[in-house]
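Have a look at the structure below, then the notes.
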Protein chains: 2
Amino acid sequence: MSKQPLSFQPGHNHDRCIHEALHKARTLCSERKQRLTPIRELVLQLIWQSHKPLGAYELLPALADAGFNSAPPTVYRALDFLQAQGLVHRIASLNAFIGCPHPGPAHQGCFLICRSCSCTVELESAPVQNAIHNSAAHLGFVIEQETVEVVGLCPNCQQSDANSLQREAE
Amino acid sequence: MSKQPLSFQPGHNHDRCIHEALHKARTLCSERKQRLTPIRELVLQLIWQSHKPLGAYELLPALADAGFNSAPPTVYRALDFLQAQGLVHRIASLNAFIGCPHPGPAHQGCFLICRSCSCTVELESAPVQNAIHNSAAHLGFVIEQETVEVVGLCPNCQQSDANSLQREAE
DNA sequence: ACAATTTAAGTTATACTATAACAAAACATA
DNA sequence: TATGTTTTGTTATAGTATAACTTAAATTGT
Ligand SMILES: [Zn+2]
Ligand SMILES: [Zn+2]
Ligand SMILES: [Zn+2]
Ligand SMILES: [Zn+2]
């Protein structure tokens, strides 16, 4: 079996994920002379509280707790900024947002989303990209933006899913 | 140049597209002993008025004109049925729906969506599917549902886009 | 044909997601 | 410090989708 991405490793050191994400964000914004304001950094940190996509409205209570305004525009503005900087991606099929594990080079992710635990992996996916580009090129279509979102069962949940089906059968 | 799908052929006989879509729908529903009621058939016909994805709320006025109830649940129920029968697909990135040009065998489309004219092609896309399946299999992820939506410029609009950029430059 | 059951449609209300528009505050630059 | 720019606060509203219950129509079995 190949090495699993951290998203699919329940016991991994997630504090490290958070720390690295924030560190990369600070570095990138600094390089680009973009302002990673307290609200923006907090939203990024909240997005990284897990490897599960979060809806914008799920972030509002935490923003309020931290003493910020927590009307929808606040969180959407922060998310817009983070998306523009490539620090988070939007998952269209879930109306939700997830942190990008390798921000920097502009890219659009290819996401594997577990319908049971919600844990989501962002693939590099060169073969997928190539296949799409070839198909598009064949029709003379010029690609500007790609959305690739795959829902299913992660390795961990296949086990629990089998277990619960078995329990039902008993 | 390869043969373009009808979606990207402005002058094609679209009445034929509509007629074929309705014919296939009647046949499939009949075979499956599913009821293609007047509302459902009308919604399918409205969806097929073009090759552009349409939002649910864009269908409501036409439903009212035809003398049906036109509250949101009416159109969403019809769309749910049509999706379940594989007669229409939902485009998650647009919150919109489009007719399936080859209903019957269960499948999830790979869509090329023109951001200028909205015309949308559903590809067969075996290579794309394979690439996704390989990547997923490599991680032990079991696929249940795929969303592949590509936004860009269709061959026709590349021309007009170039023209308008040129006009701006003058 | 009739009653019982299932499926679909009508209706009202509401949840969820996202943005418009304008005012106030903070920041950057000179 | 004065000036222009960017960010945040605030209120309102647009856009998308579903819950819950009622009525009507179609299907099934007798
Ligand atoms: Zn982690
Ligand atoms: Zn990414
Ligand atoms: Zn057509
Ligand atoms: Zn299709």
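The sequence lines fix the lettering, A, B, ..., with proteins before strands; numbering per chain opens at 1. Nothing here was measured: the structure is a model prediction, and the numbers come from that model.
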Q. Whole-Å distance between C:dA9 P and B:L42 CG?
A. 11 Å

Q: Calculate the interatomic distance between B:N69 atom CG and C:dA13 atom C1'; express it in whole Å.
A: 14 Å

Q. How many angstroms lie between CG in B:L79 and CG in B:L87, if you round to the nearest 0.5 Å?
A. 11.0 Å

Expected output: side-chain [X] to main-chain [Y] donor-acceptor under 3.5 Å:
X	Y	result
B:Q4	A:L139	yes
B:Q85	B:R32	no
A:T147	A:Q145	no

Write out a two-atom table: protein N or O, nucleotide N or O from nucleotides 26-28 of chain C, distance below 3.5 Å.
none

Give me the distances for all protein-to-nucleotides 16-20 of chain C N/O pairs that come in under 3.5 Å?
from, atom 1, to, atom 2, distance (Å)
C:dA18, OP1, A:R90, NE, 3.1
C:dA18, OP1, A:R90, NH2, 2.1
C:dA18, OP2, A:Y76, OH, 2.8
C:dA18, O5', A:Y76, OH, 3.3
C:dA18, N7, A:Y57, OH, 2.6
C:dA18, N6, A:Y57, OH, 3.4

Which residues pass the side-chain hydrogen bond (donor to acceptor under 3.5 Å, both in side chains) test with [X], not counting sequence neighbours?
X	result
A:S50	none
B:S93	B:E149
B:H19	none

Q) Tell me the salt bridge (charged side-chain N to carboxylate O under 4.0 Å, His left out) pairs involving residues 34-50 of chain B, sequence neighbours left out? A) B:R26-B:E41

(Q) Please list all pairs meeting salt bridge (charged side-chain N to carboxylate O under 4.0 Å, His left out) that have one or both residues in residues 71-92 of chain B, counting only residues at least two apart or in different chains. (A)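 Passing the test, one end in residues 71-92 of chain B: no pairs.
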
Q | Linked hydrophobic residues, A:L6 as query - side chain contacts closer than 4.5 Å | A |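 For A:L6, no cluster forms, as it stays isolated from other hydrophobic side chains.
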
(Q) Through direct or indirect side-chain contacts below 4.5 angstrom among Ile, Leu, Val, Met, Phe, Trp and Tyr, which residues connect to B:F111? (A) B:I91, B:L94, B:I98, B:I113, B:V151

Q) If you walk 5' to 3' along DNA chain D, what is the first nucleotide with an atom under 4.0 Å of a heavy atom in chain B, and what is the last? A) D:dT16 to D:dA26

Q: For the helix from C:dA1-D:dT30 to C:dA30-D:dT1, measure the angle between the helix axis at one end and the axis at the other, each built from five pairs, rounding to 10°.
A: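 Roughly 40° between the end axes, to the nearest 10°.
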
(Q) Please list, in numerical order, the residues of residues 60-67 of chain A that have a heavy atom closer than 4.0 Å to any atom of DNA chain D. (A)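 Output list: empty, so none.
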
Q: For B:E122 and B:H102, run side-chain hydrogen bond (donor to acceptor under 3.5 Å, both in side chains): C-alpha distance rounded to whole Å, both residues' side-chain angles, the deciding distance at 0.1 Å, then the answer.
A: CA-CA 9 Å; B:E122 178 179 342; B:H102 48 268; 3.2 Å; yes

